[in-house]
K.L.:
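I'd like to ask you about the structure that follows.
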Amino acid sequence: MHTLYSRLGANVTAFLARPHRLLIDGQWVEPRSERRFDVEDPGTGAVIARVAEGTAADIDLAVAAARRAFESGPWATSRPAERTRLLLRLAELLEQHGDELAQLETLDNGKPLAVARRGIAGTADMVRYMAGWATKLTGEAVPLSMPGEWHAYTAHEPVGVVGQIIPWNFPLSMAIWKLAPALAAGCTVVLKPAEQTPLNALRLGELILEAGFPPGVVNIVTGFGGDAGAALAAHPGVDKVAFTGSTQTGKRIVQAALGNLKRVTLELGGKSPVFIFPDADLEAAIPGAANAIFFNSGQVCSAGSRLYVHRRVYDRVLADIAAHGERLRLGHGLEEGVDLGPLISRPQRERVEAYVADGRASGVEVLGGRQVLPEHGHFVAPTVLADTRADLRVVREEIFGPVLCAMPFDDDDLERLAGLANDTEYGLFAGIWTRDLTLAHRFARRIRAGSVSVNAHMVNDPALPFGGYKQSGWGRERGREALELYCELKSVAINLG
Ligand code: NAI
Ligand code: MG
């Protein structure tokens with residue numbers, strides 16, 4: 001396995017070997033705990049680096065630095081065009097270092113290098129999109145009806161110091177989705193990456209300094225959720241916390257935020273339905289539905305994990321999706337031609353395997369999942385659970401692995417089909433495959449989810465807002481909405497006599 005590491009660029013090996021510290025106030029500093037923790041390559045189980053274990057004491061320092069940068073220093077008075085310029089510079093650096101960042105992403109998270117590479121290109125697009133908004137966050141002149149003569153207007157002001165807590169499934173993209181709108185809006189940030197995947201956040205910290213962001217604008221504290229993460233969510237000096245991860249931890253974040261009523265945005269779990277109608281272009285729908293669940297080994301909040309197929313095409317669709325899954329090549333992300341990497345960790349693998357066993361025990365048919373797994377690493381083969389029922393745990397709970405729950409439908413009553421789609425505590429995403437656009441529009445309206453794709457799965461454009469209804473979260477990422485959620489809205493009324 002280790003022979004694969006000879007493919008790493010010299011700058012990647014050099015980065016891995018550097019002593020990793022915390023980024024606070026523009027400096028790389030040792031953690032107060034003086035402890036470090038192991039970073040694992042989930043494709044081999046090998047320890048590839050050790051990073052600083054930040055704790056509450058470091059969060060205090062990082063929040064104080066972010067507060068100073070927000071209230072004094074160059075950021076406090078930064079012109080919007082200056083923020084645009086810095087973000088554009090960062091986008092350039094992300095592109096320049098694309099190969100290196102992709103290799104780090106693959107090592108840290110396990111995903112195939114080609115997939116990681118595309119993800120890095122997407123981060124540059126996101127930064128550029130948000131960079132443009134810095135100069136376009138206009139308010140409105142508001143016509144008042146009160147007696148007298150008035151001039152009234154609204155203005156967006158940055159919410160202040162923001163704590164950002166991100167997961168491990170798309171380490172660099174998640175950091176960028178959080179940082180770019182916050183910085184465009186003029187906030188300062190304390191970022192805590194997931195303990196499983198801290199590497200690219202640290203490399204990003206170096207690039208942020210290189211781009212020229214002033215000290216304290218972005219602070220990065222690696223550490224564990226229950227310690228550094230909890231301290232950040234509860235901190236009285238933080239004006240807003242933005243979180244992506246499990247619904248369970250999301251609820252803890254809300255409780256932690258109560259102390260100072262900080263603003264909260266949450267991007268949480270999902271159990272997203274995909275519907276294939278009998279008139280759909282199956283040549284597109286079958287690989288579409290397969291990728292919806294198997295991409296990134298199913299470790300995607302918006303994974304299409306519940307598949308509803310019209311009975312007329314059900315058998316064919318299921319057999320083809322299972323066959324599609326079996327053709328996917330599992331392996332270490334640095335190997336050529338690999339389609340799927342490992343899951344992020346042993347606990348995640350065990351969790352996913354337990355769900356499959358639970359499905360089996362409840363009598364559902366298991367298709368696929370028979371590939372020979374690589375010897376090392378936390379691999380799970382793509383698996384289809386056929387003829388599942390709405391009351392099963394595998395259908396109700398987020399599995400976060402390459403495991404699809406499929407069910408046939410006979411109905412063409414949209415209210416009843418929407419009832420199936422909406423029979424979940426989540427509401428992040430839904431997919432519809434049909435050639436009948438009237439049906440697609442009517443069905444899309446009836447689905448309680450933040451995103452709906454028709455004849456496509458997950459359209460990840462920086463301009464398109466993304467987020468959840470119900471227990472999939474609060475607020476939106478991407479688009480103008482993301483920026484506005486990093487702002488307070490001020491109303492100013494001037495008495496003109
Ligand atoms: P998690 O939600 O606990 O972790 C995500 C982030 O939150 C990490 O940075 C972690 O350090 C931090 N965190 C954990 N506990 C915290 C606390 N008390 N206060 C503040 N921050 C805290 O997710 P975990 O345990 O890694 O995965 C468990 C399950 O969560 C997965 O199987 C999956 O179902 C779901 N998940 C969903 C994601 C999504 O994108 N919606 C991403 C990752 C996990
Ligand atoms: Mg890792």
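Everything numeric in this text was worked out from a predicted model, so none of it was measured. Ligands are counted one by one from 1 in listed order, and the atoms in each one are counted from 1 as well.
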K.L.:
With a cut-off of 4.0 Å, which atoms of ligand 1 are near a heavy atom of Pro167?
P.N.:
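The list of qualifying atoms is 42 (C), 43 (C).
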K.L.:
Would you kindly specify which portion of Leu232 sits under 4.0 Å from ligand 1, judged on non-hydrogen atoms: side chain, backbone, both or neither?
P.N.:
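None of Leu232 does.
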K.L.:
To which protein heavy atom is atom 32 (O) of ligand 1 closest, and what is the distance rounded to 0.1 Å?
P.N.:
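Atom 32 (O) of ligand 1 sits closest to the protein heavy atom Gln348 NE2, 2.9 Å.
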K.L.:
When you compare the side chains of His97 and Glu210, does any donor N or O come within less than 3.5 Å of an acceptor on the partner?
P.N.:
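No, no side-chain donor-acceptor contact under 3.5 Å.
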K.L.:
List every atom of ligand 1 that sits less than 4.0 Å from any heavy atom of Glu195, numbering the atoms from 1 in the order shown and giving each element.
P.N.:
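Those atoms are 8 (C), 10 (C), 11 (O).
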K.L.:
Might you point out which heavy atoms bring Val459 and Leu464 nearest each other, and give the distance in Å?
P.N.:
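Shortest heavy-atom separation between Val459 and Leu464 comes out as O-CD2, 3.9 Å.
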K.L.:
Is the closest N or O pair between Thr244 and ligand 1 shorter than 3.5 Å?
P.N.:
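No: no nitrogen or oxygen of Thr244 is under 3.5 Å from one in ligand 1.
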K.L.:
Does some non-hydrogen atom of Trp168 fall short of 4.0 Å from ligand 1?
P.N.:
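The answer is yes: ligand 1 sits under 4.0 Å from a heavy atom of Trp168.
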K.L.:
By number and element, which atoms of ligand 1 are closer than 4.0 Å to a non-hydrogen atom of Ala230?
P.N.:
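Answer for ligand 1: 19 (N), 20 (C).
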K.L.:
Applying a heavy-atom cut-off of 4.0 Å, say which part of Ser246 lies close to ligand 1: side chain, backbone, both or neither.
P.N.:
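Both parts.
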K.L.:
So, for Trp168 and Phe400, is the gap between ring centers shorter than 6.0 Å?
P.N.:
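Ring-ring flag for Trp168/Phe400: true, centres closer than 6.0 Å.
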K.L.:
Test your reading of the model: is there a side-chain donor-acceptor pair from Ser472 to the backbone of Tyr426, 3.5 Å cut-off?
P.N.:
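No; zero donor-acceptor contacts below 3.5 Å.
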K.L.:
Tell me which protein heavy atom sits closest to atom 15 (N) of ligand 1, plus the residue, atom name and distance to 0.1 Å.
P.N.:
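Of the protein heavy atoms, Thr249 CG2, 3.4 Å lies nearest.
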K.L.:
Please identify which atoms of ligand 1 are closer than 4.0 Å to at least one heavy atom of Ile165.
P.N.:
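Selected atoms, number and element: 6 (C), 7 (O), 9 (O), 12 (C), 20 (C), 21 (N).
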K.L.:
Please state whether the rings of Phe213 and Trp75 are parallel, tilted or perpendicular, taking 30° and 60° as the class boundaries.
P.N.:
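Aromatic pair Phe213/Trp75 classed tilted.
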K.L.:
If you scan the protein for heavy atoms around atom 25 (O) of ligand 1, do you find one that is closer than 4.0 Å?
P.N.:
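Flag for atom 25 (O) of ligand 1 set to false, no protein heavy atom closer than 4.0 Å.
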K.L.:
Within 4.0 Å of atom 4 (O) of ligand 1 (strictly less), any protein heavy atom?
P.N.:
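No.
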K.L.:
Report yes if some N/O of Gly245 lies less than 3.5 Å from some N/O of ligand 1; otherwise report no.
P.N.:
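Indeed, backbone or side chain, Gly245 has an N or O that close.
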K.L.:
Side chains of Thr424 and Lys470 only: does a donor on one sit below 3.5 Å from an acceptor on the other?
P.N.:
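Thr424 vs Lys470: no donor-acceptor pair found between side chains.
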K.L.:
Applying ring-ring contact (aromatic ring centres under 6.0 Å, His included) between His20 and each of Phe37, Phe15, Trp28, report the one that passes.
P.N.:
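One option only clears the test, and that one is Phe15.
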K.L.:
Between the side chains of Thr265 and Lys240, is a donor N or O closer than 3.5 angstrom to an acceptor N or O?
P.N.:
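Distance-only check passes for Thr265 and Lys240.
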K.L.:
Quick test of your reading of the structure: of Lys271, Glu397, Arg252, whose heavy atom lies closest to atom 18 (N) of ligand 1?
P.N.:
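Shortest heavy-atom distance from atom 18 (N) of ligand 1: Arg252.
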K.L.:
Does either side chain, that of Arg446 or that of Asn422, offer a donor lying less than 3.5 Å from an acceptor on the other one?
P.N.:
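Result is no, nothing qualifies.
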K.L.:
Which residue holds the protein heavy atom closest to atom 34 (O) of ligand 1, what is that atom called, and what is the gap in Å?
P.N.:
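Checked against all protein heavy atoms, atom 34 (O) of ligand 1 sits closest to Glu398 OE1, 2.8 Å.
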K.L.:
In terms of side-chain heavy atoms, does His332 have a donor or acceptor partner in Glu335 at a distance below 3.5 Å?
P.N.:
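Judged by distance alone, the side chains do not pair up.
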K.L.:
Among all the protein's non-hydrogen atoms, which is closest to atom 39 (C) of ligand 1, and how far away is it?
P.N.:
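Ranking protein heavy atoms by distance from atom 39 (C) of ligand 1, first comes Cys301 CB, 3.5 Å.
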K.L.:
Between Arg389, Arg396, Arg448, which is the residue that forms a salt bridge (charged side-chain N to carboxylate O under 4.0 Å, His left out) with Asp423?
P.N.:
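Exactly one candidate clears the test, Arg396.
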K.L.:
Is the shortest distance from a heavy atom of Gln299 to ligand 1 less than 4.0 Å?
P.N.:
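Heavy atoms of Gln299 never come under 4.0 Å of ligand 1.
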K.L.:
Please report which non-hydrogen protein atom sits nearest to atom 38 (C) of ligand 1, along with the residue it belongs to and the distance in Å to one decimal place.
P.N.:
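Of every protein heavy atom, Phe400 CZ, 3.4 Å lies nearest to atom 38 (C) of ligand 1.
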K.L.:
Which bit of Gln196 is near ligand 1, meaning a heavy atom under 4.0 Å away: side chain, backbone, both or neither?
P.N.:
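Within the 4.0 Å criterion, Gln196 contacts ligand 1 through side-chain atoms alone.
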K.L.:
Say whether His235 and Asp60, considering side chains only, have a donor N or O and an acceptor N or O under 3.5 Å apart.
P.N.:
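The answer is yes; a qualifying pair exists.
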K.L.:
List every atom of ligand 1 that sits less than 4.0 Å from any heavy atom of Ile166, numbering the atoms from 1 in the order shown and giving each element.
P.N.:
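Under 4.0 Å from Ile166, ligand 1 has these atoms: 6 (C), 8 (C), 9 (O).
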K.L.:
I need the nearest protein heavy-atom contact for atom 20 (C) of ligand 1: residue, atom name and distance, please.
P.N.:
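Closest protein heavy atom to atom 20 (C) of ligand 1: Gly229 C, 3.2 Å.
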K.L.:
Distance alone, cut at 3.5 Å: any donor-acceptor contact between the side chains of Tyr5 and Asp41?
P.N.:
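A pair is found: one side chain offers a donor N or O, the other an acceptor, under 3.5 Å apart.
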K.L.:
Looking at the rings of His457 and Phe295, which for Trp means the six-membered one, are their centres under 6.0 Å apart?
P.N.:
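Distance test on ring centres: not under 6.0 Å, no.
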K.L.:
Among all protein heavy atoms in this structure, tell me which lies nearest to atom 13 (N) of ligand 1, with the distance rounded to 0.1 Å.
P.N.:
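Protein heavy atom at minimum distance: Gly225 CA, 3.3 Å.
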K.L.:
Which protein non-hydrogen atom lies closest to atom 7 (O) of ligand 1, naming both residue and atom, and how far is it?
P.N.:
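Heavy-atom neighbour on the protein nearest atom 7 (O) of ligand 1: Phe243 CE1, 3.1 Å.
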K.L.:
Below 4.0 angstrom from a heavy atom of Leu268, which ligand 1 atoms are there? Numbered from 1 as shown, please.
P.N.:
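Counting from 1, the qualifying ligand atoms are 41 (N).
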